[in-house]
Amino acid sequence: MTRPSSQRDTVVPTTSEADAARLFTAERRHLLGVAYRLLGTMTDAEDVLQDVFERWLGIDRRGIDNPAAYLTTMTTRASIDRLRSARATREVYVGPWLPEPFPVDDSPSSPEAVAELDESLTIGYLHLLEQLTPRERAAHLLHDVYDFSYREIAPMIDREEAACRQLASRARAKLRATRPDRDRAVSPEVDADLCHRLVGAVAGGDIDGILRLVTDDVVHVSDGGAEHRAARQPVVGANRVARLLANLAGRLTDDEQARVDLRFLRVNHQAAVLVLVGPVPKVLLAIDTDGERIDHIWAVVNPDKLDAVLAATDPPDH
């Protein structure tokens, strides 16, 4: 990914509050992408940006030669601090912890997209980043995703240039050990078709149909948190995953089935479906595919994360 041009070139310093606010607004999409990738939740990323904005307006900006780079530094440091606190909570989280999905419009002209269509935004990739330390995560993302040099990253994460290089190298090694290879990009149309077909097979209790759509080593990961029933460990293998999905669908009562509302959408640049019973969101299923079959299913059941997705998909006056 290429960072905004203002990040690569020296920007004329700005001193007025109005100019500072305009510059922050111009950089906001980039900063939100950095914060979300570091934190894994849009809620925390938005909180970080609000804090950075308030501090940005309150500091003396006369000596800042490149405000855009300075804002990236502020955002990175604030995100690392918040991530340290979040990791303590995630370490005692009941079951797997998945990033908070966010709906996106994948059309090239969409101004709502957080950043370029990029694998570093997918649920699976962000899930893998959880194994990294906060500074490993920052060094990896800033260098490998945003193309900052190690010299530029050093002040952003408060480490020497050589240490930044080592942090990014360690991060790469950890990710290579657990990251599935992708031979080719998958078109949104193929992605969406597989998701629709999977939902149809699950709704019909068609286990053979599910088996035709998933890889032999498909992985199903559920995030329910402490208050919601979900698988506490990943479920691996086509037969186990197919029966799990069919059994979960079969638990709905006749009344609940009559009130099911399926909303197909894209979250984190991958196909997904939000399942509601009446007005209440019950689960969001997002898929990873190899272009022919589904190899990962990410099931978000945590009500707080589902409420965030619903709020982002409902009309403002809903």
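Quick caveat, the model's predicted, so the values are computed rather than measured.
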*Assess whether atom CD of Glu54 is packed by more than 12 heavy atoms of other residues, nucleotides or ligands within 6.0 Å.*
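Buried by this count: over 12 neighbours within 6.0 Å.
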*Heavy atoms of other groups near Arg243 CZ, more than 12 under 6.0 Å*: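 No - once you tally the heavy atoms of other residues, nucleotides and ligands closer than 6.0 Å, there are 12 at most.
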*Determine the minimum heavy-atom distance between Leu38 and Leu83, stating which atoms define it.*
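Scanning both residues completely, I find the closest heavy atoms to be O-CD2, 3.4 Å.
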*asked:* Just to verify, what does Asp261 make a salt bridge (charged side-chain N to carboxylate O under 4.0 Å, His left out) with, not counting sequence neighbours?
replied: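 For Asp261 the salt bridge (charged side-chain N to carboxylate O under 4.0 Å, His left out) partners, ignoring immediate neighbours, are Arg263.
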*Can Arg82 and Asp47 be counted as an ion pair, charged N to O under 4.0 angstrom?*
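Salt bridge present between Arg82 and Asp47.
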Determine yes or no for a side-chain-to-main-chain donor-acceptor pair under 3.5 angstrom, with [X] supplying the side chain and [Y] the backbone.
X: Glu27; Y: Leu71; answer: no
X: Thr215; Y: Val218; answer: yes
X: Tyr146; Y: Val34; answer: yes

Output side-chain donor-acceptor pairs under 3.5 Å for residues 192-204, partner residues at least two apart or in another chain, one line each.
unit_1, atom_1, unit_2, atom_2, d
Asp193, OD2, Arg197, NH1, 3.2
His196, ND1, Ala192, O, 2.9

*Would Gln270 and Asp288 satisfy side chain to side chain donor-acceptor pair (under 3.5 Å), going step by step from the backbone distance to the final call?*
CA-CA 7 Å; Gln270 55 198 124; Asp288 286 340; 2.7 Å; yes
*Transitive ILVMFWY cluster of Ile207 at side-chain heavy atoms under 4.5 Å: who else is in it?*
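When side chains under 4.5 Å apart are linked, the cluster holding Ile207 also contains Leu211.
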*Rounded to the nearest 0.5 Å, what's the gap from OG on Ser169 to CD on Glu136? Could you check?*
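Spacing of OG (Ser169) from CD (Glu136) equals 10.0 Å.
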*Would you call the rings of Tyr150 and His143 parallel, tilted or perpendicular, where under 30° means parallel and over 60° means perpendicular?*
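Parallel: the ring planes of Tyr150 and His143 meet at under 30°.
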*Glu130 pairs by salt bridge (charged side-chain N to carboxylate O under 4.0 Å, His left out) with which of Arg137, Lys174, Arg87?*
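Single pass found, and it is Arg137.
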*Taking a hydrophobic cluster as the set of Ile, Leu, Val, Met, Phe, Trp and Tyr residues connected by side-chain heavy atoms closer than 4.5 Å, whether directly or through intermediates, do Leu252 and Val280 fall within one such cluster?*
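No; tracing contacts between hydrophobic side chains, which count when under 4.5 Å, never links both residues.
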